[in-house]
Amino acid sequence: MKKRKGLIIGLIIFLVAIIGVAIGAKRLIDQKVANNEKIVATSAAITEIFDKLNVNLAGVPKTQAKLPARYQKVPKIGSPMKPSVEKIASLNPTRVYAVSTLKDQYDQSFKEQGVKVTYLKLDSVADLEATLSSLGKQYYRQRQADYQIGLIKKAVKKAKARVHGRKPRVLILMGLPGANYMILTNRSYLGDLVRIAGGENIYHSDSQIYLSPSNDSLATKNPDVILRLEHALPNVTLPQFKQEFKKNSVWKTMKAVKIGRVYDLQQPDFNASANMNVSQALNKLSNWLYPGK
């Protein structure tokens, strides 16, 4: 009886060991497959995420933003706003990543070329953390992902510790080459940064990220702080902002303009979508909203 019981226990141990080896082997195979994927990133923000996760890329955007050194010789697939779908298709990628805010703009042309795109939501700091965690698991880079998430959480905690007294009322503008500018609501990434840093966005929306500017609406606002995101082509958008603030009388009545609390947000720290410079961005924004503390 004891001998039979010992054989059963031995058999169970053997089966557990076999299953453990099989699971380990599958993990190694899955990890090798993940490491050999041909990944294309269509934005600077996504490129930076993969750099922090130590993942190689097969294609990166052509952008004025300085890309990580490891991707300098990687094939360029066109601008983030208008990538070359033909170039991307020619690389035979296994994965193509784009920001979700450009889905409507991208979808049709990618479908016509038979290229499948995975859209990453980067509209907030929480979205960035979730994306890091998800990609970290997918590409077996959990340690790198956890480290970056830890840095972000420290920056958030530091920014929140500076908040005191009345929340400054903030207007966020995004420059667009040729189209002047748009207003960014609380639903935008910059709107989320303002919230974390203790500011109150004067334009709220339940669903919209961008709003078209209106002099009648702006005339009713009196922000304490104005943030101007240069966004794409800063050599074009910054002069546009300066000309707009010079010729449009609505700005001259605003408190932020009168006391000189108008700040130009520049890459790489600031962008329309969440990126890996969130710690630096929060530190700057926190000091602008609560100077002297």
Side-chain angles (χ1 to χ4, degrees), residues 34 36-68 70-72 74-139 141 145 148 174 176-177 179 182 184 187-193 207-210 229-233 267-268 270-278 281:
N36 289 328
E37 277 200 21
K38 295 183 70 177
I39 303 166
V40 171
T42 61
S43 78
I46 294 173
T47 303
E48 290 162 5
I49 289 172
F50 278 109
D51 176 55
K52 295 299 184 183
L53 294 179
N54 194 27
V55 174
N56 293 326
L57 295 175
V60 296
K62 183 178 181 181
T63 171
Q64 289 189 350
K66 187 176 181 181
L67 297 179
R70 66 187 293 157
Y71 304 129
Q72 290 300 317
V74 173
K76 304 300 187 291
I77 52 87
S79 73
M81 297 303 292
K82 196 174 182 180
S84 170
V85 185
E86 292 79 10
K87 176 65 176 179
I88 293 173
S90 73
L91 296 173
N92 297 312
T94 52
R95 297 270 182 174
V96 177
Y97 289 98
V99 292
S100 59
T101 50
L102 295 176
K103 186 176 189 299
D104 291 340
Q105 185 174 324
Y106 281 0
D107 244 13
Q108 188 57 41
S109 57
F110 276 108
K111 285 179 180 177
E112 289 173 359
Q113 291 290 331
V115 176
K116 292 184 178 180
V117 183
T118 299
Y119 292 99
L120 302 177
K121 197 168 187 295
L122 296 173
D123 297 337
S124 69
V125 173
D127 286 341
L128 176 60
E129 291 178 352
T131 294
L132 280 166
S133 180
S134 175
L135 292 176
K137 290 176 183 177
Q138 183 172 343
Y139 294 103
R141 301 292 197 277
Q148 295 300 325
M174 181 177 74
L176 298 172
M182 296 288 284
L184 291 178
R187 304 292 298 182
S188 67
Y189 166 58
L190 287 177
D192 190 52
L193 287 184
S207 58
Q208 291 180 277
I209 294 176
Y210 312 104
L229 176 65
E230 294 179 1
H231 194 42
L233 300 178
Q267 293 180 332
F270 295 97
N271 211 329
S273 57
N275 60 39
M276 297 310 301
N277 294 291
V278 60

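We're numbering straight along the sequence, starting at 1. FYI, side chains are in, hydrogens and waters are out, and symmetry mates aren't considered; it's all heavy atoms of this structure.
Atoms OH and CE, from Y210 and M182 in turn, are 8.5 Å apart once rounded to the nearest 0.5 Å. Expressed to the nearest 0.5 Å, how far CG of L53 lies from OG1 of T131 amounts to 10.0 Å. Rounding to the nearest 0.5 Å places OG1 of T118 at 9.5 Å from CD1 of I46. Atom OH of residue Y139 and atom CG of residue N56 lie 12.0 Å apart, to the nearest 0.5 angstrom. Taking CD from Q267 and NZ from K66, the interatomic distance works out to 14.0 Å, rounded to the nearest 0.5 Å. With values rounded to the nearest 0.5 angstrom, F270 atom CZ is found 15.0 Å from M174 atom CE.
In terms of heavy atoms, A45 sits closest to N275 at CB-CB, 3.9 Å. The shortest heavy-atom contact between P61 and L67 is O-CD1, 3.4 Å. Minimum heavy-atom separation, K116 to V96: O-CB, 3.7 Å. Contact record, A281 with L193: CB-CD1, 4.0 Å, taken as the closest heavy-atom pair. The minimum heavy-atom distance between A98 and V117, with the atom names listed, is CB-CG1, 3.9 Å. Taking each heavy atom of Y189 and L122 in turn, the nearest pair found is CB-O, 4.1 Å.
You'll find the side chain of R141 reaches within 4.5 Å of the side chain of V55, heavy atoms only. You'll find the side chain of I209 reaches within 4.5 Å of the side chain of S188, heavy atoms only.
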Worksheet item: Does the side chain to side chain contact (heavy atoms under 4.5 Å, CB included) test come out yes or no for L102 and T42, once each step is laid out?
Response: CA-CA 10 Å; L102 295 176; T42 61; over 6 Å; no
Worksheet item: Y106 and V115: side chain to side chain contact (heavy atoms under 4.5 Å, CB included), yes or no, with the steps?
Response: CA-CA 11 Å; Y106 281 0; V115 176; over 6 Å; no
Discussion item. Test side chain to side chain contact (heavy atoms under 4.5 Å, CB included) on L128 and Q148; report intermediate values, then the result.
Written reply: CA-CA 10 Å; L128 176 60; Q148 295 300 325; over 6 Å; no
Discussion item. Applying side chain to side chain contact (heavy atoms under 4.5 Å, CB included) to L135 and L120, what does each step give before you reach the verdict?
Written reply: CA-CA 10 Å; L135 292 176; L120 302 177; 4.2 Å; yes
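Counted within 6.0 Å of NZ on K76, heavy atoms from surrounding residues, nucleotides or ligands total more than 12; the atom is thus considered enclosed.
Checked against side chain to side chain contact (heavy atoms under 4.5 Å, CB included), K121 has the following partners two or more places apart in sequence or in another chain: S100, D123, D127. Partners of Y97 according to the ring-ring contact (aromatic ring centres under 6.0 Å, His included) rule, which considers only residues two or more places apart in sequence or in another chain, are F50.
Listed by first and then second residue, the salt bridge (charged side-chain N to carboxylate O under 4.0 Å, His left out) pairs involving residues 85-97 are E37-R95 (not counting sequence neighbours).
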